[in-house]
Amino acid sequence: MEQLAAKLENYKKEILGFTPQNAEDVEAFRIKYLGTKGLVKNLMGEMKQVPAEQKRAAGQLLNEFKLLVEERFQSFALLSNTASATIGNTDWSLPGNSLPIGTLHPLSVVRHQIITIFQRLGFAVAEGPEIEDDWHNFGAMNLPEDHPARDMQDTFYIHQNPAWLLRTHTSSVQARVMEQQKPPIRVICPGRVYRNETISARAHCFFHQVEGLYVDENVSFADLKQTLYYFVQEMFGKDTKVRFRPSYFPFTEPSAEMDISCLICGGKGCTVCKHTGWVEILGSGMVHPKVLENFQIDPNKYTGFAFGMGIERICQLKYRVNDLRLYSQNDVRFLQQFTAAL
Ligand code: PHE
């Protein structure tokens, strides 16, 4: 037992003092200590000669020694590709597993497309806060005190301060632009908006808009039509037709909603266009004189047009997304389909 302990002490010193210079050294180490005719095997053989009452203690010593040798070998092997290839058949020189790369959200893709089209026409991008006050969201936009949109049922108000609300449209950003800038003004306002709706395939409590505003001398309804027609052709293709229907918004006069010919059936009639051949994509109109006056812009000198569209709607028509909830469920199987769309 004592002999064995002394022997092991010496070997330990030898092992701990050994530093391999290359792969050959590592392999030589393995053969010398761990090979089939190596030292560890030999010592195990010598166990036979140990008296029975000392076998337990000797076995423990030997095991500890074996573990030390194996540990040393593993640490050398990690430093050397060829040697490590011999343990567990792992090739440490292979490149690592690549991490999956995310994709742009379809709404980001479409927002980007909309912005670049209007940028080509000279529109600048303006942004504003999602938490707004009544004035920028409603008052300045000529939405009267008793307008149903101001109802608690339609709008989210901030508990701590009833004067604050979550903007219901990015017209609030147009208000902020007119506050700070005098004509000519030519901006688009992309952003998230909130409405108190029950979540379903067709409605959500938040969605995204791009609104636009152009104010200058001699801006006419013809400018509005041509601008939006250009947008549609760029966005949906040259064959897409448009039509304007008279409508009402408190902040524009006259107002119109714009439809495009149904992309799904080409105008023949299907469930998407409810068999009319047309689908609505945006609201628009000539800026109401009262709105201009709210910002000390003289309506006798300046006129303007404005429009607003939902990004979800454009995305739905362009990529056939049939349920609004898909946009916020973050299911990668849905999101990954838009990788190449930009
Ligand atoms: N603000 C309107 C909405 O959110 C859209 C719109 C903007 C309509 C500008 C006309 C002019 O529905």
Side-chain angles (χ1 to χ4, degrees), residues 107 111 114-115 118 121 123 125-130 132 134-144 147-151 153-156 165-178 185-197 202-216 219-221 223-229 231-232 242-260 279-292 294-295 297 299 302-314 316 324:
L107 294 176
R111 184 190 58 211
I114 298 172
I115 289 173
F118 283 105
L121 294 174
F123 283 80
V125 174
E127 284 182 329
E130 292 182 18
E132 260 302 357
D134 195 276
W135 169 250
H136 290 96
N137 195 79
F138 293 133
M141 286 296 128
N142 199 31
L143 264 127
H147 195 281
R150 292 198 181 202
D151 202 296
Q153 320 265 299
D154 294 322
T155 302
F156 290 115
L165 48 89
L166 296 181
R167 67 182 180 194
T168 60
H169 51 187
T170 57
S171 300
S172 57
V173 183
Q174 303 184 11
R176 287 182 178 276
V177 169
M178 285 189 279
I185 293 171
R186 190 154 43 182
V187 290
I188 47 169
C189 315
R192 180 175 282 189
V193 301
Y194 301 83
R195 292 181 197 180
N196 193 356
E197 305 257 3
R202 294 167 161 272
H204 211 292
C205 58
F206 67 79
F207 62 99
H208 301 78
Q209 279 191 325
V210 176
E211 292 214 356
L213 173 71
Y214 180 25
V215 184
D216 201 351
V219 176
S220 71
F221 202 89
D223 296 319
L224 178 158
K225 282 177 87 173
Q226 192 53 41
T227 302
L228 296 178
Y229 185 50
F231 164 71
V232 165
V242 302
R243 78 174 182 189
F244 288 83
R245 277 179 294 103
S247 184
Y248 173 77
F249 298 102
F251 32 89
T252 49
E253 180 60 37
S255 306
E257 279 174 323
M258 189 175 79
D259 299 341
I260 59 169
V279 284
E280 188 218 312
I281 64 159
L282 57 80
S284 65
M286 300 306 291
V287 181
H288 198 292
K290 275 201 191 148
V291 174
L292 295 176
N294 282 339
F295 298 99
I297 297 172
Y302 295 105
T303 48
F305 69 74
F307 58 87
M309 66 183 96
I311 303 180
E312 278 82 351
R313 180 94 174 123
I314 307 292
Q316 173 198 22
L324 265 180

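In listed order, ligands and their atoms are each counted from 1. As the structure is a prediction and not an experimental result, all values here were calculated from the model.
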| Identity of the nearest option to atom 8 (C) of ligand 1, non-hydrogen atoms only, from Ala306, Ser172, Gly283 | Gly283
| said: At under 4.0 Å between heavy atoms, is it the side chain or the backbone of Phe251 that contacts ligand 1, or both, or neither? | reply: side chain
| query | How close do Ser171 and Met141 get, heavy atom to heavy atom, and via which atoms? | reply | O-CE, 3.6 Å
| query | Do you know which two heavy atoms are closest between Leu166 and Thr155, and how far apart they sit? | reply | O-CG2, 4.2 Å
| said: Any salt bridge linking Asp134 with Arg150? Criterion: basic side-chain nitrogen under 4.0 Å from a carboxylate oxygen. | reply: yes
| field | Electrostatic pair Arg202-Glu197, nearest N-O below 4.0 angstrom | value | no
| What atoms of ligand 1 come within less than 4.0 Å of a heavy atom belonging to Phe307? | 7 (C), 9 (C), 11 (C)
| Sub-3.5 Å N/O-N/O distance, Ser171 and ligand 1 | yes
| said: Give me the residue, atom name and distance of the protein heavy atom closest to atom 1 (N) of ligand 1. | reply: Glu211 OE2, 2.7 Å
| field | Close N or O approach (His169, ligand 1; < 3.5 Å) | value | yes
| remark: The atoms of ligand 1 lying under 4.0 Å from a heavy atom of Phe249, numbered in the order shown, are 8 (C), 10 (C)
| Taking atom 3 (C) of ligand 1 as the point of reference, which of Met309, Met258, Gln209 owns the nearest heavy atom? | Gln209
| Can you list the residues that meet the salt bridge (charged side-chain N to carboxylate O under 4.0 Å, His left out) rule with Arg243, with sequence neighbours excluded? | Asp259
| With sequence neighbours excluded, residues passing ring pair (Phe, Tyr, Trp, His ring centres under 6.0 Å) with Phe123 | Phe118
| message | Please check whether Ser284 reaches ligand 1 - meaning an N/O of the residue sits under 3.5 Å from an N/O of the ligand, judged on distance alone. | response | no
| So, Phe249 versus His169, ring centres under 6.0 angstrom or not? | no
| task | Could you see which bit of Arg195 sits under 4.0 Å from ligand 1, with heavy atoms only: side chain, backbone, both or neither? | result | side chain
